[in-house]
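A quick write-up on the structure given underneath.
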Amino acid sequence: MLGLSAKDTRFLLIVIFLTLATPLLLQPFPEGSAMAQFNAGYPDLMQKFAIYGIFAIGFNILFGLTGYLSFGHAAFLGVGSYTVVWMYKLLGYNVLPGLVLAIIISALFALLIGFISLRRSGIYFSILTLAFAQMSYNLAYSVLTPITNGETGLQVYGNDPQILVGANSPTSPHLFGLVMRDSVQLDVGGWLFTFNIGYYFCAVIAILAFYLSLRIFRSPFGMMLRAIKTNQTRMNYTGLNTRPYTLAAFVISGMYAGLAGGLLASMDPLAGAERMQWTASGEVVLMTILGGAGTLMGPVLGAGFIKYFENIFSKINDNVLHAWFAVLPDGLENAVVAMIHPFVGKGWHLTLGILFMLVVIFLPGGLVEGGQRIARLFNRKKKSKGPGTGAGGHKPKPAPHVAE
Amino acid sequence: MGILEVKGVNKRFGGLQALGDVNLSVKENTVHAIIGPNGAGKSTLLNCLVGKLIPDTGSVMFDGQSVLGRKPHEINQMGISRVFQTPEIFGDLTVLENVLIPCFAKRDGSFRMHAFETVSAEKEVVAQAMHMLEDVNMAEKKDMHASSLSRGDKRRLEMAMCLVQEPKLLLLDEPTAGMARADTNNTIELLKEIKASRDITMAIIEHDMHVVFSLADRITVLAQGTPLVEDIPEKIKGHPKVQEAYLGQSHG
Ligand SMILES: Nc1ncnc2c1ncn2[C@@H]1O[C@H](COP(=O)(O)OP(=O)(O)OP(=O)(O)O)[C@@H](O)[C@H]1O
Ligand SMILES: [Mg+2]
């Protein structure tokens, strides 16, 4: 189906199901229960999952496949956001023109930065991309103030032209009248589910983005990109020019980033320079490595993990901890809370940092590798129980598939 | 006129004259061996043929066209493939994928944006690659990681990757270096088969005289960057100048 093998079609269907069911799956605990803290089915958080998922999927096409580590992809995120807000100002709150333009402009921008940065590889490439992104960030703050509105950030004002706005057009981002911040809430015996239009808009685009990346992974083009990561010398002596391949991958990932930036502004009609800062560029690197660089699902998982930590762990303060451990005797309660304190609330970075180190050291293939190991453990148990095994232990080890 | 014509090539590295006035003519559909003691300039000469190095002076013509100033991938697209002294393969890819890549490079040229095709749907290319793997007896290893192959298999895989492009000229830099006797003999058999079964010209650099005398139609002896003699194997064997070149230096 859709040019995919049976296995990939199944994989895609699972991803579609999980994405569409996210508002249900992320609300496992009833409202008002002690564990409701850990629910993540809020519109703005779910939107972030989808948007940063797109960002990471695109980044993975460059970093995961070719091995070129860009430290400047936040620049494209920023470009996408500014473009969309400008389209609000000039045309109106329909997100479509802005998003299309965001993809086009970030592609052109990526073409320029990629063309220059890809003259070098390894650490020099990374530094060049970082330099470009920091340059963009600083320009957005200073020289380009007429375009970016500097520190205040770009937003829509009452006296903007908005030439396409009619008398009864929505006054916030929408797609042909479907207002992004509108939601339907469903209350099922203590559980509260929120179905948000903005989330579903992002989700549909994320599914398309994922499908596209799946096609690229399975294409001769994707295979060439993986070959570049392994051995550029052999590529050249096989008659292949690596430069246009890496540039194409760079531009594609820049377009994904521009789209993600545009979607951020589609959910919240603001754009600020801090979106281009190096920390934002570093974040997508962490997401991809944490989830598993070069795997299909890894970057999405990594993005989800980091955004979950950032939004949920950061909310656990001492009061919440005391409430959890209230059953313990006072002295013990205080001791336990003091012990956990550095890891939650403002300390969520510490937990994430430790998690990241553990993954990099013990699971170089990221969370996806962790999942595969667990799956293999179960399979082995199943097999050793089943009859007629034991033979064929000396088969050559097949290469792990790049799926999952 | 040979398919490969090297005329008056010089190459210096700082004060060292690595190649001094090298002339070489390789006839179509022959195996031409280049031998010589360590540091004679054999690899340097080969690098001048494939665009890795540019000679200081002289000309290199392949199939009537100059290769000088062209990039390695352009020279490959002209019909020259190269096997390295240590096998250069795509370690993270499967054996089959390793052979598919040169197939696509041959079919689609040095760059094509085939992002919406599917590798497994390219039945013809896959069949061609599988056929090649059968030829080198590696078909059953097609799903293995190339990096997990034995050294001999890596060499054979690299050879398959070059041959599947049906090059007009195949350059081999010490294809049996560091191999055990049995592997060396296998490689000789493989190269003999290749020579017998298709129209191909080979230039081969080799230390192992057994390999050279089993395969070569003509031999050029290189010493200190300059060709000493060029002749058929029978004449080279007892040639006094060759004895001198090899005995005069420590032979590694
Ligand atoms: N890139 C380089 N820079 C400086 N000197 C070099 C370079 N490449 C080769 N040389 C020198 O040029 C000479 C010829 O080297 P080359 O590798 O061509 O010899 P060779 O005949 O292939 O030897 P071997 O049999 O050991 O492979 C040697 O003295 C070597 O040290
Ligand atoms: Mg050499």
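Keep in mind that what you see is a predicted model, and the values were worked out from it rather than measured. Every chain is numbered from 1 and lettered A, B, ... according to where its sequence line falls, protein lines coming before strand lines. The figures that follow rest on heavy atoms only: side chains count, while hydrogens, waters and symmetry mates do not.
Within a 6.0 Å sphere centred on NZ of B:Lys71, heavy atoms belonging to other residues, nucleotides or ligands number 12 at most. Within 6.0 Å of CD1 on A:Ile361 lie more than 12 heavy atoms contributed by other residues, nucleotides or ligands.
In this structure, the separation between CD on B:Glu88 and CD on A:Gln232 is 11.5 Å, given to the nearest 0.5 Å. From A:Ile216, atom CD1 reaches atom CD of B:Glu117 across 12.5 Å, with rounding to the nearest 0.5 Å. Here the CG atom belonging to B:Asn76 is positioned 11.5 Å from the CG atom belonging to A:Asn241, to the nearest 0.5 angstrom. To the nearest 0.5 angstrom, A:Arg234 atom CZ is 4.5 Å from B:Cys162 atom SG. From B:His145, atom NE2 reaches atom OG1 of A:Thr230 across 8.5 Å, with rounding to the nearest 0.5 Å. Between A:Leu240 atom CG and B:Gln77 atom CD the span is 7.0 Å, to the nearest 0.5 Å.
Residue A:Ala248 touches chain B through its side chain alone, counting heavy-atom pairs closer than 4.5 Å. Heavy atoms closer than 4.5 Å to chain A are found nowhere in B:Ala121, neither backbone nor side chain. Residue A:Leu225: no heavy atom, backbone or side chain, is found under 4.5 Å from chain B. Of the two parts of B:Met78, neither the backbone nor the side chain holds a non-hydrogen atom closer than 4.5 Å to a non-hydrogen atom of chain A.
Put simply, of B:Ile89, B:Ile80, B:Asn98, the one with the most heavy-atom pairs under 4.5 Å next to chain A is B:Ile89. For the set A:Thr242, A:Asn231, A:Ile252, the entry with the most heavy-atom pairs within less than 4.5 Å of chain B is A:Asn231. Interface remark: of the candidates A:Met224, A:Met223, A:Arg215, A:Lys229, A:Met223 forms the most heavy-atom pairs closer than 4.5 Å to chain B.
Under the 3.5 Å distance criterion, the side-chain polar atoms of A:Tyr245 are left unmatched by any main-chain donor or acceptor of B:Met113.
The two atoms that bring A:Ser219 and B:Phe116 nearest to each other are CB-N, 4.4 Å, heavy atoms only. Closest heavy-atom contact between B:His114 and A:Pro220: O-CD, 3.5 Å. Across A:Tyr237 and B:Pro72, no two heavy atoms sit closer than the pair CE2-CB, 3.8 Å.
Counting only residues at least two apart or on different chains, the salt bridge (charged side-chain N to carboxylate O under 4.0 Å, His left out) pairs with a member in residues 93-105 of chain B are A:Arg226-B:Glu97.
A 4.5 Å side-chain heavy-atom check between A:Thr233 and B:Lys52 finds every atom pair outside the cut-off. Under the 4.5 Å side-chain criterion, counting only non-hydrogen atoms from C-beta, B:Gln165 is in contact with A:Thr238.
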